[in-house]
Protein chains: 2
Amino acid sequence: MSTIDSRVEPATAELLSDDERQLYFAFKRAQEMLRARISDDVRAATGLSDPDVAVLIHAAEVDGGVRQSELASLLGWDRTRLSHHLSRMQSRGLIERTKVGSAVEVSLTEAGLAVIDVVRPIHAAAVRRHLIEPFTPSQVVYLREALERISEPGA
Amino acid sequence: MSTIDSRVEPATAELLSDDERQLYFAFKRAQEMLRARISDDVRAATGLSDPDVAVLIHAAEVDGGVRQSELASLLGWDRTRLSHHLSRMQSRGLIERTKVGSAVEVSLTEAGLAVIDVVRPIHAAAVRRHLIEPFTPSQVVYLREALERISEPGA
DNA sequence: TATCGATTGTTGACATATCTACATTCTAGG
DNA sequence: CCTAGAATGTAGATATGTCAACAATCGATA
C-alpha cells in the first residue's frame, strides 16, 4: 500500500479519514462476499438467483398480494428494476400480477409457493452460516439497528 | 469487538429468527439504498459508475500496478467480473494492463489519474453524507470491525 | 368537472454481472 | 527435464440492472 500521500485531514475535511474510507470499503466488500456466498449456496441447491429469493420471500410475507411500489421500497430497488425482474419471474411462472387502478399487485403462484418452501430452509442455512454465526445475538441486534439507520433517513 | 459466544439455537433451528431475518434484509436494503444514493451523486457529477470508482480508488492506492487477482480480492469480486469490467475501463482509456507471467498488472493511465482527482472529493462527500453522518466516530469503528468479520473468515 | 402535477408502472437500448468453457503460466513431484 | 494440478485470465452467451422516454391513473384545486 502506498503511504506517502498528501493526507493531512484539512480542517475542511474534504476527503475521508482512514476510518471512514475503511468503513465504506469494508461495507462493500462484506456485501459482495456475503452475496456471493449465499447466492452460491442457494443457486447450487435450487437454481434460483439471489434477487429471485429476495422477491419471493418478501412477497410471501403478505397474503393476497403486495403493491409493486411497496415491494420496491422493501427491497430498496427502483421501480424499473423491479418491473423487469418481475417480468422474468412471471414468465417462469413464479409470480402473477394483477392490475389495480394505476398500481399492480404481486402474488405468488402455486409454483411460487411450492418453490419457496424448498428455498427457505436452504436460504436460512446459508444466511446463518455466512452472516449470523460470526456474531453474538446482541451484536445481531446492534448491527441491524445500525444498518437501519442507513436506509431510513431520507438524507 | 467481543468474544464469539455461539448461538443458543433452538433444537430445530431450521429457519431464521425474526432478529436474524431482519438483520439480513436490513443489510441488503441498506446496501441497495446506499449504493443508489452514492452512485447517483457520483454519476451526476462525473459520469462514472460505482464499480468504476471502486476500481479507480483501489488501483490508485498502489503505485506501480496491482495484480488483477489481488484487486479482485480487495473488491470482493470474482475474476471474471473484474476482467470484463477492466476491459471496458481500458477501452475508455482509464486504466492499462501489463502482462507479467500468468498475471496482469493494472495501473491508471494519465487520464485515469486525472479523473480520480475529480472524483475523490465528490465521492468522499457522498460517502460522508450517506454513510458516515448517521454514526458517531466510535460507531464507525465498531461497524467497520463488524463488517470485516463477515468478509474475513473463509466460512 | 376540467386540468395539471404527482404517482405508478412499462418499454427498449444499453451497461453490467454471471456462467461455462477454455488458454496460459506457475509449481511441485517424479 | 516432464507432467499433472493449481492459479490466473479471457471469451461468448445469457441474465440482470440502469437510463431515458413514455403511458396510464390518481388527486387536488380552481
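Numbers restart at 1 for each chain; the letters A, B, ... are given by sequence-line order, proteins then strands. What's counted below: heavy atoms across the whole structure, side chains too, no hydrogens, waters or symmetry copies. Just so it is clear, the structure is predicted and the values come from calculations on it, not from any experiment.
- Ring planes of A:H123 and B:F25: parallel class, angle under 30° (limits at 30 and 60°).
- Partner of A:F27 under the side chain to side chain contact (heavy atoms under 4.5 Å, CB included) criterion, out of B:L143, B:L131, B:V127: B:L131 alone.
- Rounding to the nearest 0.5 angstrom, the gap separating the CZ atom in B:R79 from the NE2 atom in B:H84 is 11.5 Å.
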Mark up nucleotides 9-21 of chain C, 5' to 3', with B wherever a protein heavy atom is under 4.0 angstrom from a base atom, S wherever such an atom reaches only the sugar-phosphate, and - elsewhere. BBBB---BSBBB-
Using side chain to side chain donor-acceptor pair (under 3.5 Å), reason through A:Q31 and B:R35 one step at a time and then give a plain yes or no. CA-CA 11 Å; A:Q31 183 273 323; B:R35 184 186 46 73; over 6 Å; no
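- With a heavy-atom cut-off of 4.0 Å to chain B, the contacted part of DNA chain D has its first and last nucleotide at D:dT8 to D:dC19.
- With hydrogens and angles ignored, the 3.5 Å screen pairs a side-chain donor or acceptor of B:S87 with a backbone N or O of B:S83.
- For the residue pair B:D41/B:H130, the side-chain donor-acceptor check at 3.5 Å is satisfied.
- In this structure, A:E61 places its CD atom where more than 12 heavy-atom neighbours from other residues, nucleotides or ligands lie under 6.0 Å away.
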